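These notes are about the structure you will find just below.
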Amino acid sequence: RKEVEQDPGPFNVPEGATVAFNCTYSNSASQSFFWYRQDCRKEPKLLMSVYSSGNEDGRFTAQLNRASQYISLLIRDSKLSDSATYLCVVSLLGGFKTIFGAGTRLFVKA
Amino acid sequence: DTEVTQTPKHLVMGMTNKKSLKCEQHMGHRAMYWYKQKAKKPPELMFVYSYEKLSINESVPSRFSPECPNSSLLNLHLHALQPEDSALYLCASSPWTSGSAGETQYFGPGTRLLVL
């Protein structure tokens, strides 16, 4: 079993749609959780950290369920510019060891 | 300045060559990382340095040799690579202010390496 698993995708959605990505992790010692975004042939960039209480940044909402070892990302009112690969990231060992999920590709179409 | 720079952007090398990848950050970060990313795959952690000391080596073959000359610089020395080592090599840094997890990593644009 992979340490971090994501929806395989790709997701093809129209502009304005709401899309949800799911991620599960296997190591209960995981300490921190993030969503990164990676555009084609670019480096990953932090989208948002994920907290147990849930957190929201504009059109993006992230949730963490430690009991179920599950992380989610909700994107509302999708824009063309949201097209990218979304990477679920988990860190452990005091934050040093960072494990990326395989990523979920999102295509937003006009 | 929230930038991590990497040089070169592209590198082509033969299997007998020796080359080095360079990474630099001036954000005062004390943790620096090397990742390898193959096409359509996520980044895979290779090495982690904290306070200029190697903290994690993810069982990387010895043909990859990291070096951290100071807190701003991270090198990756390459020798006798194989064609399957062709990939995007990403450098990242994070503050490591509290010694605990939860810090954002800032990535450089990467070096695209092709081994012939």
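Keep in mind it's a predicted model, so treat the numbers as computed, not measured. In what follows, chains are A, B, ... by sequence order, proteins preceding strands, each numbered from 1.
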(request) Measure Glu58(B) against the heavy atoms of chain A and call it side chain, backbone, both or neither at under 4.5 Å. (result) side chain
(message) If the contact rule is any heavy atom under 4.5 Å from chain B, which residues of residues 57-66 of chain A qualify, in numerical order?
(response) none
(request) Indicate yes or no: at least one non-hydrogen side-chain atom of Glu43(A) is less than 4.5 angstrom from one of Gln6(B). (result) no
(request) Kindly compute the distance separating OG1 (Thr85(A)) from NZ (Lys40(B)), expressed to the nearest 0.5 Å. (result) 8.5 Å
(message) Can you list everything that forms a side-chain hydrogen bond (donor to acceptor under 3.5 Å, both in side chains) with Ser50(B)? Sequence neighbours excluded, please.
(response) Ser55(B)
(message) Which atoms of Arg105(A) are under 4.5 Å from chain B, going by heavy atoms: the side chain, the backbone, both sets, or neither?
(response) neither
(message) Can you tell me if Lys42(A) has over 12 outside heavy atoms packed within less than 6.0 Å of its NZ?
(response) no
(message) Let me confirm one number: the OG1-CE distance from Thr104(B) to Met48(A), rounded to the nearest 0.5 Å.
(response) 11.5 Å
(message) For residues Leu46(A) and Leu45(B): do they belong to one hydrophobic cluster (side chain heavy atoms under 4.5 Å, members Ile, Leu, Val, Met, Phe, Trp, Tyr)?
(response) yes
(request) Determine whether Leu81(B) and Trp34(B) fall in the same hydrophobic cluster, where Ile, Leu, Val, Met, Phe, Trp and Tyr are linked whenever their side-chain heavy atoms lie under 4.5 Å apart. (result) yes
(request) Kindly say whether Gln105(B) contributes a backbone atom to a donor-acceptor pair with the side chain of Tyr36(A) at under 3.5 angstrom? (result) yes
(message) Using a 6.0 Å cut-off, check whether atom CD of Glu5(A) has over 12 heavy atoms from anything other than its own residue.
(response) yes
(request) Drop me the distance from Phe107(B)'s CZ to Gln38(A)'s CD, to the nearest 0.5 angstrom. (result) 8.5 Å
(request) Would you mind reporting whether Pro43(B) and Thr98(A) have side-chain heavy atoms less than 4.5 Å apart? (result) no
